[in-house]
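Here is the structure we will look at.
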Amino acid sequence: MAAAAAGGDGEAAVMRAEVAALRLRVQELERENQRLGKIASRCTCGSSKDDSAASSPVVSESLSSSKQEPQKNVKSHCRGCQVGVVSHCPKQLIALKIMYFGQRFYGFASEAHTEPTVESEIFKALERAKLLVGSRKESCYSRCGRTDKGVSATGQVISLFLRSNIKDAKLDVLDNKSGDFLAREYKYLFWKGDLNISEMQKAALKFIGEHDYRNFCKMDAANVSNFRRHITDFNISAYDQRSNYDELWAITIKGSAFLWHQVRCMVAVLFLIGQGLESPCIVDSLLDITKTPRKPQYKMASEIPLILRSCLFDEVNFMCSSEASQALIEHLKDEYHQYMLQAAIFCEALSCLCSPEPDPFEPRHKKRNHIPLMSRQTEPSYEERIAKVKTKSAGSV
C-alpha cells in the first residue's frame, strides 16, 4: 500500500510539472500573439481608400533620404492586399544597376500602360521577393533615364527604398539633376558597308559641346521648353568584330542629358553623311536654330542597335556577389553561343546560294533619289506647337 501511494505521488508531481510547463508556453504564445497583433494593426495594406493613386503611380525625379530607418505607418494605395509590400519593416535606399535586352519590351517606362515594359517587370520581381515598402511615390522611386521600345541597356540605374537590414550602408541620394550625376553613355552599333567613316567623324565632332538640339529630337512641346543639351564625347570606332562580308563599328555618345529620340536622330543624319547624300556642314545648319527653326522631316535610325551603356554617378560603387556575377556571366555566354549558332546556320544557307555575276558597268550601289534635308518639308516649330497646346488647353476649360 505504501509503495502504491508513493507511485501515485510521483505521477502527480510529473503531471503538475507538465501543467506548469504548458502554462508557461501558453503565456509565451499570448505575448507573441499580442506582438503580431500590434504589427497587424499598423499594416494598412487592406485599405480601400485613395485607390486612384494605384492607377497612376507618380515617379519621383529625386530622392528624399538615404539613411536606414524603420518604415512608418504608410498607407498603401491599392485595391485589397498589395502582395509583396511590407510597410512595417526597416528600409534602406538602394541603387540598382539594370541590364536588359529591349527587343521584347515596350520601352522602359510603364506609363504607356502597354505590357511588358522593363519597369513593370522590375516591380513584379520586387513584389515576388517581398522587398517593396510602399507605392512608387512612397518609395521615392527614381530612374536615371528611360529607353524606347526595342532599345537595350547594360547600365541603367534606378533607386528606391527597399526592405533591408544592411548596416553601415553609405549611399547618398541619387539625383540625375544634381552634382552626383556625371553622364549617360550611349552606344550605337552598325555595319560599315560603304559608309564614309571619315566624313561621319568630321560631322560627329560638330555635336560636341552645348547646342540646341530641337532639330535632332522628337519634340514634346507640352513638357519640354529647353532643348539645349551638352555632349561631352562623340566617337566613331571599329568594334573589333567582322562577318564574312562586313565590319562592325560603334558610335559612342556621352552627355549629361538627352532629348527624346536625340541619339537616333543624330545617328540618322550621320548615316546620310556617310552615304554621301549630305555633307558634314548639314550638322551646322540643323544646329543653327535661327537659320533652321523647323526640323526637316527625316526617318530616325533603327532602335535595335542602340544601347544605354552606362549611367555614371560620383562615388557610387555597386556590389554584386561572386555567385550572382558568375551566374549572369554563364547565362550571357550561353545566350551568345546560341545566337552564334543561329548566325552560323544563316551563313551556311548563304554559302549554298549562287551570287549573280556583277555588272562591271553598273555602280555597286545605286544612290536612291535623295531630297536634301534643307529642301524637305518641315515639322511645326516649337512656338507653333506650344501655341497649339495652349489653344487646346483653353478650349478644354
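None of these values were measured; they are calculated from a predicted model.
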Do you know which two heavy atoms are closest between [X] and [Y], and how far apart they sit?
X	Y	answer
Ser325	Cys320	N-SG, 3.7 Å
Gly193	Asp246	N-OD1, 2.8 Å
Tyr141	Arg143	OH-CB, 3.9 Å
Phe318	Leu96	CE2-C, 4.1 Å
Leu189	Ala250	CD2-CB, 3.7 Å
Phe105	Glu121	CE2-CG, 3.7 Å

Enumerate, atom names and distances included, each donor-acceptor pair closer than 3.5 Å involving a side-chain atom of residues 214-237, sequence neighbours excluded.
{"residue": "Arg214", "atom": "NE", "partner": "Asp212", "partner atom": "OD1", "Å": "3.0"}
{"residue": "Arg214", "atom": "NE", "partner": "Asp212", "partner atom": "OD2", "Å": "3.3"}
{"residue": "Arg214", "atom": "NH2", "partner": "Asp212", "partner atom": "OD2", "Å": "3.0"}
{"residue": "Asn215", "atom": "OD1", "partner": "Lys295", "partner atom": "N", "Å": "3.1"}
{"residue": "Asn215", "atom": "ND2", "partner": "Leu286", "partner atom": "O", "Å": "2.8"}
{"residue": "Asn215", "atom": "ND2", "partner": "Thr292", "partner atom": "O", "Å": "2.9"}
{"residue": "Asp220", "atom": "OD1", "partner": "Asn223", "partner atom": "ND2", "Å": "3.4"}
{"residue": "Asp220", "atom": "OD2", "partner": "Asn223", "partner atom": "ND2", "Å": "2.9"}
{"residue": "Asn226", "atom": "OD1", "partner": "Arg228", "partner atom": "N", "Å": "3.1"}
{"residue": "Arg228", "atom": "NE", "partner": "Glu210", "partner atom": "OE2", "Å": "3.1"}
{"residue": "Arg228", "atom": "NH2", "partner": "Glu210", "partner atom": "O", "Å": "3.4"}
{"residue": "Arg229", "atom": "NH1", "partner": "Asn226", "partner atom": "O", "Å": "3.0"}
{"residue": "Thr232", "atom": "OG1", "partner": "Lys254", "partner atom": "O", "Å": "3.0"}

Do [X] and [Y] have side-chain heavy atoms sitting under 4.5 Å apart?
X	Y	result
Gln201	Ile197	yes
Tyr213	Leu287	yes
Gln377	Pro296	no
Tyr186	Phe258	yes
Gln92	Phe161	no
Leu126	Ile122	yes

So, taking the atom named [atom1] in [X] and the one named [atom2] in [Y], what distance separates them when rounded to the nearest 0.5 Å?
X	Y	atom1	atom2	answer
Asp148	Leu308	CG	CG	11.0 Å
Glu138	Leu160	CD	CG	12.0 Å
Leu93	Ser142	CG	OG	9.5 Å
Ile94	Ser159	CD1	OG	10.0 Å
Lys149	Gln103	NZ	CD	11.5 Å
Lys206	Ser285	NZ	OG	9.5 Å

Applying side chain to side chain donor-acceptor pair (under 3.5 Å), run through Ser110 and Arg136 and close with a yes or a no. CA-CA 12 Å; Ser110 58; Arg136 297 188 191 187; 2.9 Å; yes
Report yes or no: does [X] contribute a side-chain atom to a donor-acceptor pair with the main-chain N or O of [Y] at less than 3.5 Å?
X	Y	value
Glu18	Met15	no
Thr114	Tyr106	no
Arg146	Gly107	no

Kindly indicate, with the supporting measurements, whether the criterion side chain to side chain contact (heavy atoms under 4.5 Å, CB included) is fulfilled by Lys390 and Ile386. CA-CA 6 Å; Lys390 291 179 179 179; Ile386 199 65; 4.1 Å; yes
Would you say the side-chain atoms of [X] and [Y] include a donor-acceptor pair closer than 3.5 Å?
X	Y	result
Glu330	Gln326	yes
His370	Glu278	yes
Thr252	Tyr188	no

Contacts of Ser351 that satisfy side chain to side chain contact (heavy atoms under 4.5 Å, CB included) - sequence neighbours left out: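 With neighbours one apart ignored, the set is Glu348.
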So, using side chain to side chain contact (heavy atoms under 4.5 Å, CB included) as the criterion, who are the partners of Thr378 when residues are at least two apart?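 Scan of Thr378 (side chain to side chain contact (heavy atoms under 4.5 Å, CB included), adjacent residues dropped) gives Arg294.
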I would like to know whether Ser139 and Val133 meet side chain to side chain contact (heavy atoms under 4.5 Å, CB included); could you show each step before the answer? CA-CA 7 Å; Ser139 300; Val133 295; 4.1 Å; yes
Using the ring pair (Phe, Tyr, Trp, His ring centres under 6.0 Å) rule, take Phe190 and Tyr239 through it: C-alpha gap first, then chi angles, then the decisive distance, then the call. CA-CA 9 Å; Phe190 67 97; Tyr239 199 67; over 10 Å; no
Members besides [X] in its Ile/Leu/Val/Met/Phe/Trp/Tyr cluster (side-chain heavy atoms under 4.5 Å):
X	value
Ile289	none
Leu328	Met99, Phe101, Leu332
Tyr336	Met340

Check the pair Leu162 / Leu132 against side chain to side chain contact (heavy atoms under 4.5 Å, CB included), numbers first and verdict last. CA-CA 5 Å; Leu162 296 174; Leu132 297 178; 4.1 Å; yes
Heavy-atom count around Arg385 CZ within 6.0 Å, excluding the residue itself: above 12?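 Counting other residues, nucleotides and ligands, CZ of Arg385 exceeds 12 neighbours.
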Under 4.0 Å between a Lys/Arg side-chain N and an Asp/Glu carboxylate O for Glu303 and Arg264?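 Counted as a salt bridge, because a side-chain N and a carboxylate O are separated by less than 4.0 Å.
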Would you call Glu199 and Lys202 a salt bridge, taking side-chain N to carboxylate O under 4.0 Å as the test?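 Lys202 and Glu199: salt-bridged.
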Walk me through whether Tyr100 and Thr147 qualify under side chain to side chain donor-acceptor pair (under 3.5 Å). CA-CA 11 Å; Tyr100 53 89; Thr147 52; 2.7 Å; yes
Please test Arg184 against Ser310 for side chain to side chain contact (heavy atoms under 4.5 Å, CB included), starting from the C-alpha separation and ending with a verdict. CA-CA 6 Å; Arg184 294 184 187 90; Ser310 63; over 6 Å; no
